[in-house]
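Worksheet for the structure shown next.
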Amino acid sequence: MSSENGVGEGGAEGAPPEQLALIRESVRKAREPRAKPRTWRGAALAERLPVARVLVDKGVLHLDRYFDYAVPADLDADAQPGVRVRVRFGAGRGRVREGRREGGGLIDGFLIERLPESDYSGPLAALAQVVSPERVLGPELLALARAVADRYAGSLADVLQLAVPPRNARAEQRPSPAPLPPPQRPQPGSWSRYEHGGAFLDALATGASPRAVWNALPGPGWSDELARAVAATLASGRGALVVVPDGRSAARMDAALTALLGEGRHALLTADAGPEKRYREWLAVRRGSVRAVVGTRAAMFAPVQDLGLVALWDDGDDSHSEPHAPQPHARDVLLLRAAQDGCGFLLGGWSCTVEAAQLVESGWARPLVAGREQVRRAAPLVRTVGDLDLARDEAARAARLPTLAWQVVRDALRQGPVLVQVPRRGYVPRTACARCRAAARCRHCSGPLEARDGGALACGWCGRAETDWSCPECGSVRLRAQVVGARRTAEEMGRAFPAVPVRTSGREHVLDTVPAAPALVVSTPGAEPVAEGGYAAALLLDGWAMLARPDLRAGEDALRRWIAAAALVRPQEAGGTVVALAEPTLRPVQALVRWDPVGHAVRELAERAELGFPPVSRMAAVSGPRDAVITFLDAVELPAEAEVLGPVPLPVTPAGSPRRTGAPPPGEHWDRALVRVPPGRGAALAAALKAAQAARMARGGSGGAAGGAEAVRVRIDPPDIG
DNA sequence: AGCACGCCGACT
DNA sequence: GTCGGCGTGCTC
């Protein structure tokens, strides 16, 4: 103490400033030995590899790096790479109490690796605890999580929270069953309906890693076909992973796999199993007891050993998009896995997304499709009712149901159940051409035009006003915001066919299946029950509502939902008919009539490339209070080719409305800017945004999600961008 | 987010 | 000469 004072004062009086700084520096140095023993002095350290590199489980970006801890001798055996640990973290420099340095509270982390020494110059704190010796985080999963974090400008800790389920001691105690030997390779089954179906299975069975975009034929065959792809992969001695959008399709896959391979060869990872069961299944996969996995979104990270195939069903379903930070999409996570592990890849659905088309277009994946003859045999007859038909249809005005629709339903009800697809509430379109219903777009950046307060028209992306709009498709200068009362129509349908039972399936009550008996089954998109023997007919009532949405995906989404309903209808040769209330001149409607979702996706892709839309270019959204967004954009060192659109005000969330991820907190005024980069620059964009985010966190900006007024949210691949 | 550090003004 | 304000930066 007195020596400190002596050094500080004796030389400081009247000394020039540089010398003062020098003296302060030496004071600091003089103190170091007391506050920082160079090696940790508590219990004895592990003899070999006494340093543990730890990922501290805090999602904050500037903490997205490893910290070194000393390994006490008594934890040496358990402290292996991949285990969960607890460490003291935070609390500034820490205090010295009873000869030990103590930091702040205990927090969780993962032990990444053991090292002979640390490159950290300070003293190391000791691992406080090895939570359990179970090595949950293997090198492959770590590398995947790292890649996902980079791809989405997020933190490794956030991704690991999605990838590794919470620990459950009881599940860990139970030993997993012994692995079964590989099964026989399966027969091709209905894969023979596809042009290269048999070859695809052969490739998997012989240990190759084919990559395909599979346009599945309508009907119930898909789950058995996917199961055969899994079986072929298992037969090669490798593991397989199938991700499906919801619990119902997971249950179908579960049944198909059990039918083909029996019990015990696959794990089912879905959200509705309890935490213990879920962790037990996950552990069985991680330990190598089970080589095949079927599951919903979270299963995309399942640590399948020696992965030979990743498969995704219906990638256009938005439940494949993870709502938690950094909001990765199952398709992209599986793409990263395929790239990392060099495994097979299968992207399948009845319809086709633009992203799927891009994988084929770029040559990365091969198309796996059926010939026209097979399509004709499997698909129902599709008929449309457009404006012209309605105008000529006197009866429709009285009954509020087009004559054609009424006739088809009446006839079909003699043969079996009829599906009626009605739009979900909340599909409120913005602006579209009043004549041809093409979405109204900004002439500068092709963003969606929105009606502002007072009726002025402005771009939802770049904010530029539009005073002189005319439709580029048909030249009309009139706009409209369309509203459809299809729900009412569906109710009235029940009255139109009073002798027939009406069943409904929607958000609250989702029916899984309906019997083959005649019935009207009214359902919102995505909740359609499967009918035993197929529906005799389907009526699609949501044409305008879906197509007039300002979303980039409006056409693709509408087509996907129509096809999802129509695929449950019997083939045309068995009398199956679909009536769509939609303008037959519109592109998605034509694609439905011709049953050509792939052609539709390919044309959409070409258009997106031309307009600079994702997925051909990559976009990121930056949202938050206007000033924060502007400051942030000022600070980011964007790649040279990046283009910033906006910021523009986001709609204010009304108080009491359901909380949506990405939406501003109720009552707050937020802005959003979009940043767009050309193909190939996505990684650079993500890196730049992440760096800027980390910098602003460190600079005393308040934390991310925790209600900080200054924080901005960064989202790569924002959905609903207009 | 915490929390300790350090550099400034008011006080016994 | 010492106490305590808050602004700044680190957490192995």
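Here is how names work: the chains are called A, B, and so on, in the same order as the sequence lines, proteins then strands, and each is numbered from 1.
- Applying the salt bridge (Lys or Arg N to Asp or Glu O under 4.0 Å) test to Arg280(A) and every residue at least two apart in sequence or in another chain returns Glu276(A).
- Between Leu127(A) and Leu111(A) the shortest side-chain heavy-atom distance falls below 4.5 Å.
- Other residues, nucleotides and ligands contribute only 12 or fewer heavy atoms inside 6.0 Å of the CD atom of Glu637(A).
- In this structure Glu140(A) satisfies the salt bridge (Lys or Arg N to Asp or Glu O under 4.0 Å) test with no other residue, sequence neighbours excluded.
- Separating the CZ atom of Arg88(A) from the P atom of dC12(C) is a distance of 11 Å, rounded to the nearest angstrom.
- Between Leu55(A) atom CG and dT11(C) atom C1' the separation is 14 Å, expressed in whole Å.
- A straight line from CD1 of Ile112(A) to C1' of dC12(C) spans 14 Å, rounded to a whole angstrom.
- Taking atom CD on Glu113(A) and atom C1' on dC12(C), their separation rounds to 14 Å, with Å as the unit.
- Tyr66(A) places its OH atom 18 Å from the P atom of dT11(C), with the value rounded to the nearest Å.
- When rounded to the nearest whole Å, the span between CZ of Phe89(A) and C1' of dA1(B) equals 10 Å.
- Taking atom CG of residue Leu106(A) and atom P of nucleotide dC12(C), one finds them 12 Å apart after rounding to whole Å.
- In this entry the distance linking CG of Asp68(A) with C1' of dT11(C) reads 13 Å, nearest Å.
- Ring-to-base geometry places Tyr120(A) in a stacked arrangement with dC12(C) (centre distance under 5.5 Å, plane angle under 30°).
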